[in-house]
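Quick notes on the structure that follows.
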2 protein chains.
Amino acid sequence: MRSRPDPAAGDPNARYHHGNLRDALIAATIAIIEERGVEHVSIREAAKRAGVSPGAPFRHFPTKAALMTAVAEQAMARLSGMVAAAVAAAPDDPMARFSALGHAYLDWALGNPTHFQIISSRTLIDFPASGALREQNDAIRVLMEDLLAEAARRGMLSSPAEVPQLVLSARAFGYGLARMAVDGHFPEWNVTGEAPPVAVHRALDLFIGRLIRGA
Amino acid sequence: MRSRPDPAAGDPNARYHHGNLRDALIAATIAIIEERGVEHVSIREAAKRAGVSPGAPFRHFPTKAALMTAVAEQAMARLSGMVAAAVAAAPDDPMARFSALGHAYLDWALGNPTHFQIISSRTLIDFPASGALREQNDAIRVLMEDLLAEAARRGMLSSPAEVPQLVLSARAFGYGLARMAVDGHFPEWNVTGEAPPVAVHRALDLFIGRLIRGA
DNA sequence: ACCATATGTAATCGCCGATTACATTTCGCT
DNA sequence: AGCGAAATGTAATCGGCGATTACATATGGT
């Protein structure tokens with residue numbers, strides 16, 4: 001994992017400057033999260049894994065929250081990419097695209113619980129301070145609004161006036177579903193008899209079918 | 001807040017034993033959370049506020065997670081009480097009671113964000129280790145299942161077979177709504193023009209009306 | 001009254017985030 | 001090429017933290 005020769009080992013290739021410490025720290029942080037959980041991340045260990053002194057990270061991140069925010073930004077970029085791709089790949093139909101967006105979101109959250117945890121944390125990262133984070137978050141919400149507005153224009157919604165309410169509901173539903181799954185709030189999988197991802201995606205289908213389309 | 005004479009001040013009433021340190025620590029912890037946020041809780045400060053040495057708390061809580069779990073248990077008891085009271089006060093109609101349960105849950109979460117944060121945290125508390133926490137959590141879920149099952153028996157549901165799916169959806173919806181509100185994920189209040197609690201409760205009504213009743 | 005047990009203190013350990021002073025490297029400018 | 005500023009590393013240090021240990025004091029049952 002160490003991306004730099006270790007000076008302590010007398011390595012002749014040891015360099016004083018790391019070369020790309022910023023990215024190395026982000027990668028190390030992600031590794032720590034996957035190994036020991038979000039709450040066990042420490043700047044010092046990330047520095048150790050990057051083969052660097054404990055104070056070095058502060059040249060790139062003024063605070064621990066800044067490091068976590070950088071990790072979140074990278075994760076958010078991936079999520080945005082997945083969602084955008086799924087929407088683009090879906091048929092040219094607002095409701096089909098809306099559904100594709102939701103399933104892509106759940107797929108990503110369930111498939112990358114580590115990254116999802118970071119994104120949705122509001123205690124470890126400094127969300128308001130990150131323009132990138134807010135922009136990509138808003139972009140997804142705006143995309144949802146646009147899709148539902150277009151659906152309303154085509155008469156696919158029972159009531160066009162309630163688009164904002166529907167978007168709010170849809171976000172809460174997807175967010176709640178993803179978070180509960182990731183955080184292990186679903187001990188009743190054995191009751192439904194379905195694997196978590198299957199039940200979650202089924203729930204989304206039900207939601208879109210009934211709530212949004214007003215069936 | 002200090003519930004015990006301060007020995008350092010030469011208080012003649014100072015006692016070696018606190019008398020009720022366990023409860024005092026829980027109260028101090030809640031106060032810290034309300035003042036500085038969940039992530040700034042420390043056993044040492046709770047001990048200081050209780051007028052006790054930094055090691056004393058460990059006589060009552062083997063670990064920090066145990067202390068936070070005790071706080072969560074107390075909060076969960078209040079939530080369970082509110083929910084049970086709301087259900088009991090509602091008309092003798094399964095859907096009316098189901099709706100009352102949901103609104104009581106949201107009311108409590110939005111009215112006591114501090115306690116809700118603790119309950120829903122899975123990193124600070126040791127959820128699986130607390131029988132009380134799991135029991136009360138399960139009790140609410142079972143109550144939801146029973147209410148919907150009764151509603152199905154009375155023909156108030158479009159499809160009785162999907163009760164487990166509906167309960168899963170309803171839990172995710174309420175949880176997502178509450179968490180997003182508490183964590184500040186709703187910057188679009190100005191878009192809807194409604195105050196957060198109003199919009200949240202409206203969303204729940206919409207959800208129950210369309211998704212559950214199948215309208 | 002006695003003593004086991006409960007409950008407190010004191011001292012200590014290792015780890016943490018953060019800051020400061022200093023060392024080294026890199027890079028733009030002439 | 002070389003020089004100096006800026007970037008980027010190290011070393012040492014600070015205060016705070018969770019947790020453990022050895023020891024001191026209070027409480028309550030017999």
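All chains are named by letter (A, B, ...) in the order of the sequence lines, taking the proteins before the strands, and each is independently numbered beginning at 1.
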> Rounding to a whole Å, what distance do you find between Lys64(A):NZ and dT19(C):P?
Replying inline: 15 Å
> Between dT8(D), dC16(C), dG18(D), which nucleotide has the shortest distance from any of its atoms to the side chain of Ile43(B)?
Replying inline: dG18(D)
>> Between Thr69(A) (side chain only) and Asp126(A) (backbone N and O only), is there a donor and an acceptor less than 3.5 Å apart?
In response: yes
> Do Arg210(B) and Glu162(A) sit within salt-bridge range, that is, some charged N less than 4.0 Å from a carboxylate O?
Replying inline: yes
> Rounded to the nearest 0.5 Å, how far does CG of Leu148(B) lie from CE of Met95(B)?
Replying inline: 6.0 Å
>> Let's see if you can work this out: which of dA19(D), dT9(C), dT7(C) has an atom nearest to the side-chain heavy atoms of His60(B)?
In response: dT7(C)
> Please give, in whole Å, the distance from dG17(C) P to Glu39(B) CD?
Replying inline: 15 Å
> How many Å lie between CG on Leu67(B) and P on dC17(D), as a whole number?
Replying inline: 14 Å
> Given dA11(D), is OP1 or OP2 found less than 4.0 Å from the side-chain N or O atoms of Ser53(A)?
Replying inline: no
> So does Thr63(B) get a side-chain nitrogen or oxygen closer than 4.0 Å to the phosphate oxygens (OP1/OP2) of dG18(D)?
Replying inline: no
> Can you check the Ile32(B) CD1 to dG16(D) P distance for me, whole Å?
Replying inline: 14 Å
>> What is the distance, to the nearest angstrom, from the CZ atom on Phe58(B) to the C1' atom on dA10(C)?
In response: 15 Å
> Over how many whole Å does the gap from Arg36(B) atom CZ to dC17(D) atom C1' extend?
Replying inline: 12 Å
>> Could you check whether any side-chain N or O of Arg134(A) sits under 3.5 Å from a backbone N or O of Pro128(A), counting only pairs where one atom can act as donor and the other as acceptor?
In response: yes
> Roughly how many Å is it from NE2 in His40(A) to C1' in dC17(D), rounded to a whole number?
Replying inline: 14 Å
> Whole-Å distance between dG16(D) C1' and Arg49(B) CZ?
Replying inline: 15 Å
>> Nearest to the Arg44(A) side chain among dA18(C), dG18(D), dT9(C), which nucleotide is it?
In response: dA18(C)
